[in-house]
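Have a look at the structure below before the remarks.
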Amino acid sequence: MRLILLGAPGSGKGTQSQKLIERYGVPQISTGDLLRDACNRGSPLGLKAKAAMAAGKLVDNAIVLGIIRERLAEPDARGGFILDGFPRNRVQADALGALLAEIKAPIDAVVLMDIDTNVLFRRLTGRRVCPKCKRVYNIYSDALGDPPRCTNCPERTLLVQRPDDREDVIGNRLKVYAAETQPLIEYYAEQGLLRHVDAEGSVDDVFARIERAITGGAKSGT
Ligand code: AMP
């Protein structure tokens, strides 16, 4: 199973990736996570990416493509993968297509996580992450206490907000999505790979829709 999850920030790509990992046993490859790791390690690449990420802008294509090439070459990606947050523009999509053609491993489907902008805003401003186990929560829908703590870690680690989930940065990220990433909807529809999924509702309901979309193979236009 080789999937791309396409959708605005906050549309639930990361959450649904976790369920897809359990169901299909393939790794999630999130360029956002890989870049955040590089930043936290203070690697030269992370330092280069840091300013763009803090401002909600896209990181340089060359950096992202380098990271993705390395990650796709790891043994666990041989049996398939879920791409989350990549590709994010036309240059990345073309480069991915060329890379996968080279290794004869084409994408099976591109799932578009369709969601209203107002819902997105609430999901992003309410998102909190456990710095230890990386589990993602939402203060509006999960019972987490005050201050919010992880319900997964035995130490009940204090949850944190991603710096780019602050209200002032969110607007920028949504603009970048509309300008750079949204054109990929048509790009993949033209290739017959696009599957529309209504991304509102419970995690389980959305997951059931994704499963129907990828196993039923119902193709959709833009
Ligand atoms: P995400 O966790 O997917 O929301 O990504 C967080 C941030 O990492 C984005 O706002 C970008 O600054 C950067 N980023 C993640 N994936 C990409 C990508 N494919 N291309 C460029 N920048 C990216």
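Here the structure is a predicted model, which means the values were calculated and not measured. Heads up: numbering here begins at 1 and tracks the sequence. In listed order, ligands and their atoms are each counted from 1.
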Can you list everything that forms a side-chain contact (heavy atoms from CB on, under 4.5 Å) with C39? Sequence neighbours excluded, please.
K50, M53
N/O contact list for ligand 1, threshold under 3.5 Å:
| residue | atom | partner | partner atom | Å |
| --- | --- | --- | --- | --- |
| ligand 1 | 2 (O) | R36 | NH1 | 3.0 |
| ligand 1 | 2 (O) | R36 | NH2 | 2.9 |
| ligand 1 | 2 (O) | R162 | NH1 | 3.3 |
| ligand 1 | 2 (O) | R162 | NH2 | 3.3 |
| ligand 1 | 3 (O) | R88 | NH1 | 3.0 |
| ligand 1 | 3 (O) | R88 | NH2 | 3.2 |
| ligand 1 | 4 (O) | R88 | NH2 | 3.3 |
| ligand 1 | 4 (O) | R162 | NH2 | 3.2 |
| ligand 1 | 4 (O) | R173 | NH2 | 3.2 |
| ligand 1 | 5 (O) | R88 | NH2 | 3.4 |
| ligand 1 | 12 (O) | K57 | O | 2.6 |
| ligand 1 | 16 (N) | T31 | OG1 | 2.8 |
| ligand 1 | 16 (N) | G85 | O | 3.4 |
| ligand 1 | 16 (N) | R88 | NH1 | 3.1 |
| ligand 1 | 19 (N) | T31 | OG1 | 3.4 |
| ligand 1 | 19 (N) | G85 | O | 3.0 |
| ligand 1 | 19 (N) | Q92 | OE1 | 3.0 |
| ligand 1 | 20 (N) | Q92 | NE2 | 2.9 |
| ligand 1 | 22 (N) | V59 | N | 3.0 |

State, without any angle test, whether D94 and Y187 hold a side-chain donor-acceptor pair at a distance under 3.5 Å.
yes
Ignoring hydrogens and angles, tell me if any N or O in the side chain of R195 forms a donor-acceptor pair with the backbone of I214 under 3.5 Å.
no
Carefully, step by step, assess I210 and M113 under the rule side chain to side chain contact (heavy atoms under 4.5 Å, CB included).
CA-CA 9 Å; I210 292 178; M113 307 280 288; 3.9 Å; yes
Identify, with sequence neighbours excluded, every residue that meets salt bridge (Lys or Arg N to Asp or Glu O under 4.0 Å) alongside E200.
none
Residues two or more places apart in sequence or in another chain: which of them pass salt bridge (Lys or Arg N to Asp or Glu O under 4.0 Å) with R127?
D165
